[in-house]
Amino acid sequence: MTLQMAVFNVGRGLCVAFITPNRYLILVDCGSSEDFSPVRLLRDCQTNSVLGQGRLAFTPWANADLAYFMITHPHSDHISDIENLRTLLKPSIIIHRPDLDWQRVGSSNRENRPLESYRRNFFWPWDYYHQVVSQPALGGDMSFQYYWLPLDLISAISSTDTDYVNNSSYVSVIKYAGRTIALTGDMTAEEMKWLLAINSGFRSSITGNAIRPGMDILVAPHHGHPNGFCSEWFDNTGPTRYFNIVSERTARPGEQSGQTQVDSRYSQREFSLGQNQHDRRMFSTRTDGSVLVWIGQDGTCTYETIANR
C-alpha cells in the first residue's frame, strides 16, 4: 500500500493530487496553466500511462471519480481548471467554505469566469454525492484532516479583500505510515500565527508523532512568498525533514520580480533538513516541474520531478 502525491506545475496557482493507499483520488485545488491541465492528466492516467506505468491511476468511490475535492480558497489561480473538473472528474465529497462574503471574493479575483463556474456548478451540495454520510476508508493508517480560521476573526485581521480570501484558506494535514504532510493554501504568516494560537488540535497535528516528530513535507503557503513564511510554524514542527515544496508563481505582465519572489528560508537547513535521495531541501514547481512523491507502507519516501507533458 502506497500513498502517492503530486504537486503539479501550473504556473500561477496550486493543484495537488493524492492517490490514497486504497487508490482513491483526493484533489486539493485545481489550478492550471494555459498549456497544462492536471485534471485532464489525471483523467488520462486512467487509460494511458502518461507519467509511467501505474502512476496516478485511481479507483472511483461512491459513483464519482474524486473521493474528496477541496477548494482551499476561491481565488481564480486555485480553481482555473474547474470546468475540466466539472466534465472530466466528478467529485463526491466537496470541501469548501460556504460562509464567505462573495462581494469581497469577487473583488479580489482578477478572473471571474472560474469563480462563476464554481458557484454555479459546485457551491451547493445537492448536485453531488457528498450528501452521503459515509466517508471512504483511505487505506492503512492514512488520515486527511483540515483546519481553518473563523470568519469573524478573518474579517477583523485582514486589511484587504485579497487578504480576506487568502486567510480563509483551509490548511490540510495528511498522515500516513508515520509521515506528515501539510498544505497551507495562501494563508499569510500573521493569520497562521492566529491559527496556531487558537487551535490546539491543529498544533498537535503538525508536530508529527512519537516515532517521527515534526513535518516531513510542507507545501509552502502563498506560493512561497515572504508574507507567508511563518517562523512560529517551524517553532512547532522543527525543520521540515524531507523537503519544502513551493508552487512558485510566474509573473503577470507588468509585475516586478519581487512580486513573485520566493522566500529563500525554505531552502535553508534551519527550516529544511533535506533527508531525501538527493539532499534537496526545497523544490520549486517553476524550475523543477511537477513533484511526485511516494510513501510506502513502511514509511519509506521517494520522489522525482517531471516536466509537464
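For clarity, every value in this text was computed on a predicted model and none was experimentally measured.
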S.K.: What orientation do Phe202 and Tyr147 show, parallel under 30°, tilted 30 to 60°, or perpendicular over 60°?
M.R.: tilted
S.K.: Answer whether the closest heavy-atom distance between the side chains of Arg23 and Gln4 falls below 4.5 Å.
M.R.: yes
S.K.: Using 4.0 Å as the upper bound for N to carboxylate O, is an ion pair formed by Arg86 and Glu83?
M.R.: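 Yes, charged N to carboxylate O under 4.0 Å.
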S.K.: Does a side-chain N-to-carboxylate-O contact under 4.0 Å join Asp81 and Arg40?
M.R.: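 So Asp81 does not pair with Arg40 through a salt bridge.
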S.K.: Report the residue from Leu218, Thr180, Asn236 that forms a side-chain contact (heavy atoms from CB on, under 4.5 Å) with Ile206.
M.R.: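 Output: one option passes, namely Asn236.
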S.K.: Quick one: closest heavy-atom pair of Asp163 and Thr188, and the distance?
M.R.: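 Answer, listing the atom of Asp163 first, then Thr188: OD1-CG2, 4.4 Å.
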S.K.: Below 4.5 Å, heavy atoms only, C-beta onward: do Leu25 and Ile19 meet side chain to side chain?
M.R.: yes
S.K.: Examine Arg120 relative to Phe122 and say whether NZ or CZ is less than 6.0 Å from the centre of the six-membered ring and inside a 45° cone about the ring axis.
M.R.: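 Output no; distance or angle outside limits.
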S.K.: Any donor-acceptor pair under 3.5 Å linking the side chain of Ser158 with the backbone of Ile154?
M.R.: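 Here the side-chain-to-backbone pair exists.
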S.K.: I need the minimum non-hydrogen distance between Cys45 and Leu56, along with the two atoms involved.
M.R.: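 So the minimum-distance heavy-atom pair works out to CB-O, 3.7 Å.
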S.K.: Please report whether the ring centroid of Phe18 lies less than 6.0 Å from that of Tyr24.
M.R.: no
S.K.: Closer than 4.0 angstrom, basic N to acidic O: yes or no for Glu190 and Lys193?
M.R.: yes
S.K.: Does the distance from a Lys or Arg side-chain N to an Asp or Glu carboxylate O, for Lys90 and Asp65, drop under 4.0 Å?
M.R.: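 Salt bridge absent between Lys90 and Asp65.
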S.K.: Does NZ or CZ of Arg265 fall inside the cone over Phe229's six-membered ring, less than 6.0 Å from its centre and within 45° of the axis?
M.R.: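 Satisfied, under 6.0 Å and within 45°.
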S.K.: In this structure, is the centre-to-centre distance between the rings of Tyr68 and Phe144 below 6.0 Å?
M.R.: yes
S.K.: Please check this pair: side chain of Tyr118 against backbone of Ile79, looking for a donor-acceptor N/O pair closer than 3.5 Å.
M.R.: no
S.K.: Quick one: side-chain contact (heavy atoms from CB on, under 4.5 Å) partners of Asp99, sequence neighbours excluded?
M.R.: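 In terms of side-chain contact (heavy atoms from CB on, under 4.5 Å), with neighbours along the sequence ignored, Asp99 is linked to Arg97, Leu151.
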S.K.: With a 4.0 Å cut-off on N to O distance, would you call Asp77 and Arg12 a salt bridge?
M.R.: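 Between Arg12 and Asp77 there is no salt bridge, as every charged N stays at least 4.0 Å from the carboxylate O atoms.
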S.K.: Minimum heavy-atom separation for Leu195 to Trp148, with atom names?
M.R.: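 Shortest heavy-atom separation between Leu195 and Trp148 comes out as CD1-O, 3.7 Å.
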S.K.: Can you confirm whether more than 12 heavy atoms, excluding those of Gln103, are under 6.0 Å from its CD atom?
M.R.: no
S.K.: Under a plain distance cut-off of 3.5 Å, with no hydrogens placed, do Thr300 and Asp298 share a side-chain donor-acceptor pair?
M.R.: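 Their side chains do contain a donor-acceptor pair, which is all the 3.5 Å distance test asks for.
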S.K.: A side-chain contact here means heavy atoms from C-beta on lying under 4.5 Å apart; do Leu27 and Leu85 qualify?
M.R.: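 Leu27 vs Leu85: side chains touch.
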S.K.: Does a side chain donor of either His75 or Asp186 reach within less than 3.5 Å of an acceptor in the other side chain?
M.R.: no
S.K.: When you check the gap from the basic side-chain N to the acidic O, do Glu232 and Arg203 get nearer than 4.0 Å?
M.R.: no
S.K.: Under a 3.5 Å cutoff, is there a donor and acceptor pairing between the side chains of Ser284 and Asp288?
M.R.: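 Note: Ser284 and Asp288 side chains miss the donor-acceptor criterion.
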S.K.: His78 and ring-ring contact (aromatic ring centres under 6.0 Å, His included): which single residue from His222, His96, His73 fits?
M.R.: His73
S.K.: Looking only at non-hydrogen atoms, find the nearest pair between Gly289 and Asn9 and report the distance.
M.R.: C-CB, 3.9 Å
S.K.: Can you name the salt bridge (Lys or Arg N to Asp or Glu O under 4.0 Å) partners of Asp161, sequence neighbours left out?
M.R.: Arg104
S.K.: Does the side chain of Thr72 pick up a donor-acceptor pair with the side chain of Asp29 at under 3.5 Å?
M.R.: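 Yes - a donor-acceptor pair under 3.5 Å links their side chains.
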S.K.: Quick check against the 3.5 Å criterion: does Thr184 have a side-chain atom that pairs as donor or acceptor with the backbone of Val171?
M.R.: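 Between the backbone of Val171 and the side chain of Thr184 there is no qualifying donor-acceptor contact (under 3.5 Å).
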S.K.: side-chain contact (heavy atoms from CB on, under 4.5 Å) with Pro60: which residues, sequence neighbours excluded?
M.R.: none
S.K.: With distance as the sole criterion, is a donor-acceptor pair present between the side chains of Thr240 and Ser272 under 3.5 Å?
M.R.: no
S.K.: Please step through side chain to side chain donor-acceptor pair (under 3.5 Å) for the pair Thr59 and Asn22, ending with a clear verdict.
M.R.: CA-CA 8 Å; Thr59 299; Asn22 274 1; over 6 Å; no
S.K.: Would you check if Arg281 and Gln268 make a side-chain contact, meaning some heavy-atom pair closer than 4.5 Å?
M.R.: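 No; the side chains remain at least 4.5 Å from each other.
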S.K.: In sequence, state the C-alpha distance, the side-chain angles, and the governing distance for Ser37 and Ser32, and then conclude on side chain to side chain donor-acceptor pair (under 3.5 Å).
M.R.: CA-CA 5 Å; Ser37 163; Ser32 62; 6.0 Å; no
